[in-house]
Engineer: 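Sharing a structure here in C-alpha cells format.
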Amino acid sequence: MQIKKDQEAKLGYWLILPTVLSIGGLIIYPVFYNLWLSVHDVNMNPTMPNEFIGLSHFINILTDLDFWISFRTSLIFTSTTVIGTTLLGLGVALLLNRKFPGRAIARGIILLPYVTPVISAAFGWKYLFNPVFGMFNYIMVDVLSILPQHINWIESPRYAIFAVIIFNIWRNFPFAFLMILAELQSISDTLYEAAEVDGATIWQKFKYITLPELKFVIGALVILRTIWNFYKFSEVYLLSSSVEVLPVYIYEKAFSTYSFGEAAAISAILFVFVLGFIMFYVRKVLEW
C-alpha cells in the first residue's frame, strides 16, 4: 500500500512538472533577469560583458526629478481611473440589473468599448479630441460655451492627462460592470422583500444589503484595476505622447536612451510599490 502511494505521489509530481516549468519560464525567470539587469550597466555590444554597478541605477532613479514627476502622474492616473471605472461600472450595473424591454441589447452595447481593439479606440478618441475639428471642443466651446477657446487635449502637457483618464474610464468600465452585475444577480430577492416589509428606503436597501454583498467584488476590482493601470502603457502611449506615466517613462529609458539597466531598476521599484499597496489594501481595507 505504501509503495502504491509513493508511486502515485511521484506521478503527481511528474504531472505538475510542465506547469511548474512554464511558470518558472514565463514569470519567475523574467523577474530575476530584470533584477539582474537593474544592477548591471548593460552593454549594447553583445560581445562585450555587462558591468556590475550595484545599486547605482536605483540611486540615480530615486534622485531623478523626472522619475518622481512620472510617479506622481501614474498615481493621479491610476487613482482617478480606478475610482471612475468602479463607480461607473457600479452605477450602470445597478441600472441594467432591473428588468426592462431591450435589456439584453443594452448590456451588449455596454460591452463595446471593452471589446473594441485599443488602437481603433485610441485613434477614434484622438479624432474626437482634435483641437480644430474635434467634436469635444465643438460641444464645449461652440455649443455649450463652457470653455472660452479650443484646447489641444491630446498634445497639451496640461490637459492631456484629462483626455487619457476619460478614455481609460470609458474603455474599461464594462469590466467592472460585468463583475458587479454578476454579483448583483446572485443576491436573493427575499432580502429586499424583507427590507421592504420593514419599511426600508431605496438608499437603506443599497447601503445595508447591496453594498455588503458587493464588498469583495469591488475589493477585487480595485486590486486588479490598480495593478493593470499602474502598468498601463498602450492606451496612454497611443492616445497622447504628453502623458508620461511610469510605463511610458520606462519605455523611453529602455528604447530611446537605451538605458536598459535604469529601465529595469524602475520596473523593480514599481513592482515593490504595487506589491506593498496590495498587501496594505488586502490587510487593512478588505481585512482578508
Side-chain angles (χ1 to χ4, degrees), residues 74-116 121 125 136 139-140 143-144 146 161-232 235 273-288:
S74 289
L75 282 177
I76 296 172
F77 169 76
T78 302
S79 58
T80 52
T81 53
V82 169
I83 294 173
T85 53
T86 304
L87 291 180
L88 185 57
L90 174 62
V92 175
L94 291 172
L95 289 174
L96 296 187
N97 192 42
R98 299 175 178 271
K99 294 181 179 180
F100 60 88
R103 183 176 67 170
I105 297 176
R107 288 177 176 177
I109 294 175
I110 290 297
L111 299 179
L112 287 179
Y114 197 68
V115 299
T116 302
W125 276 71
F136 189 82
I139 294 175
M140 299 296 287
V143 177
L144 301 178
I146 296 177
I161 183 68
F162 297 105
V164 172
I165 288 172
I166 293 172
F167 173 75
N168 183 271
I169 293 174
W170 167 83
R171 175 168 169 76
N172 294 291
F173 88 89
F175 179 80
F177 156 76
L178 274 180
M179 292 188 67
I180 294 173
L181 180 63
E183 185 64 23
L184 284 173
Q185 292 179 335
S186 68
I187 302 175
S188 176
D189 292 334
T190 57
L191 296 176
Y192 295 105
E193 293 171 358
E196 290 178 358
V197 172
D198 293 335
T201 63
I202 295 177
W203 168 249
Q204 288 173 331
K205 288 188 290 185
F206 174 74
K207 181 179 181 180
Y208 296 108
I209 298 177
T210 306
L211 274 184
E213 292 289 335
L214 296 177
K215 176 182 178 180
F216 292 109
V217 171
I218 294 177
L221 269 173
V222 171
I223 291 176
L224 290 174
R225 289 248 60 93
T226 299
I227 296 172
W228 294 338
N229 286 10
F230 253 112
Y231 290 96
K232 187 69 68 177
E235 294 180 9
F273 174 80
V274 173
L275 181 62
F277 167 79
I278 293 172
M279 294 177 64
F280 171 81
Y281 184 83
V282 169
R283 291 184 179 183
K284 299 298 183 180
V285 179
L286 296 182
E287 299 177 352
W288 286 0

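Values in this document were obtained by computation on a predicted structure and should not be read as measured data.
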Engineer: If you round to the nearest 0.5 Å, how far is CG of Asn97 from CZ of Phe177?
Structural biologist: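 Phe177 atom CZ to Asn97 atom CG measures 9.0 Å (nearest 0.5 Å).
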Engineer: When rounded to the nearest 0.5 angstrom, what is the spacing between OH in Tyr208 and CD in Glu213?
Structural biologist: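 It comes to 15.5 Å.
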Engineer: Taking everything shown except Phe162 itself, do over 12 heavy atoms lie less than 6.0 Å from its CZ?
Structural biologist: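 Check fails, neighbour count at 12 or below.
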Engineer: Side-chain contact test, heavy atoms from C-beta onward, threshold under 4.5 Å: evaluate it for Leu90 versus Leu214 and give yes or no.
Structural biologist: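 Leu90 vs Leu214: side chains touch.
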Engineer: Distance check, rounded to the nearest 0.5 Å: Ile202 atom CD1 versus Leu94 atom CG?
Structural biologist: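 Ile202 CD1 to Leu94 CG: 11.5 Å, rounded to 0.5 Å.
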Engineer: Could you walk me through whether Phe173 and Ile110 pass the side-chain contact (heavy atoms from CB on, under 4.5 Å) test, one step at a time?
Structural biologist: CA-CA 9 Å; Phe173 88 89; Ile110 290 297; 3.9 Å; yes
Engineer: Please check if the side chain of Arg171 supplies one atom and the backbone of Pro113 the other of a donor-acceptor pair under 3.5 Å.
Structural biologist: yes
Engineer: For the pair Thr80 and Ile169, evaluate side-chain contact (heavy atoms from CB on, under 4.5 Å) and give the outcome as yes or no after the intermediate values.
Structural biologist: CA-CA 9 Å; Thr80 52; Ile169 293 174; 5.7 Å; no
Engineer: Over 60° means perpendicular and under 30° means parallel, so tell me whether Trp125 and Phe167 are parallel, tilted or perpendicular.
Structural biologist: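 Rings of Trp125 and Phe167: perpendicular, over 60°.
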Engineer: For residues Ala176 and Thr85, report the shortest heavy-atom separation together with the two atoms involved.
Structural biologist: CB-O, 3.5 Å
Engineer: Can you check side-chain contact (heavy atoms from CB on, under 4.5 Å) on Thr78 and Lys232, steps first, answer last?
Structural biologist: CA-CA 9 Å; Thr78 302; Lys232 187 69 68 177; over 6 Å; no
Engineer: Are the side chains of Tyr114 and Leu178 in touch, meaning some heavy atoms are under 4.5 Å apart?
Structural biologist: no
Engineer: Where do Lys205 and Thr210 land on the side-chain contact (heavy atoms from CB on, under 4.5 Å) test, with the steps shown first?
Structural biologist: CA-CA 7 Å; Lys205 288 188 290 185; Thr210 306; 5.6 Å; no
Engineer: Do the non-hydrogen side-chain atoms of Phe206 and Thr201 ever get within less than 4.5 Å of each other?
Structural biologist: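 With C-beta onward as the side chain, the pair stays apart.
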Engineer: For residues Ile187 and Tyr192, determine if any side-chain heavy atom of one lies less than 4.5 Å from a side-chain heavy atom of the other.
Structural biologist: yes
Engineer: Locate the shortest heavy-atom distance separating Ser188 from Thr190; write the atom from each residue and the value.
Structural biologist: OG-OG1, 2.7 Å
Engineer: Between atom CZ of Phe100 and atom CG of Leu96, what is the distance when rounded to the nearest 0.5 Å?
Structural biologist: 5.0 Å
Engineer: How about Asn172 and Trp228: do any of their side-chain heavy atoms sit closer than 4.5 Å?
Structural biologist: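 Asn172 does not reach Trp228 side chain to side chain.
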Engineer: Rounded to the nearest 0.5 Å, how far apart are CZ of Phe230 and CD1 of Ile278?
Structural biologist: 10.5 Å
Engineer: Below 4.5 Å, heavy atoms only, C-beta onward: do Phe216 and Glu183 meet side chain to side chain?
Structural biologist: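 Side-chain contact under 4.5 Å: no.
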Engineer: With a cut-off of 6.0 Å (strictly less than), are more than 12 heavy atoms of other residues, nucleotides or ligands near CD1 of Ile105?
Structural biologist: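 No, CD1 of Ile105 has 12 or fewer neighbouring heavy atoms, counting only those of other groups under 6.0 Å.
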Engineer: To the nearest 0.5 angstrom, please state how far the OG1 atom of Thr81 sits from the CG atom of Asn229.
Structural biologist: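 One finds 3.5 Å between OG1 of Thr81 and CG of Asn229.
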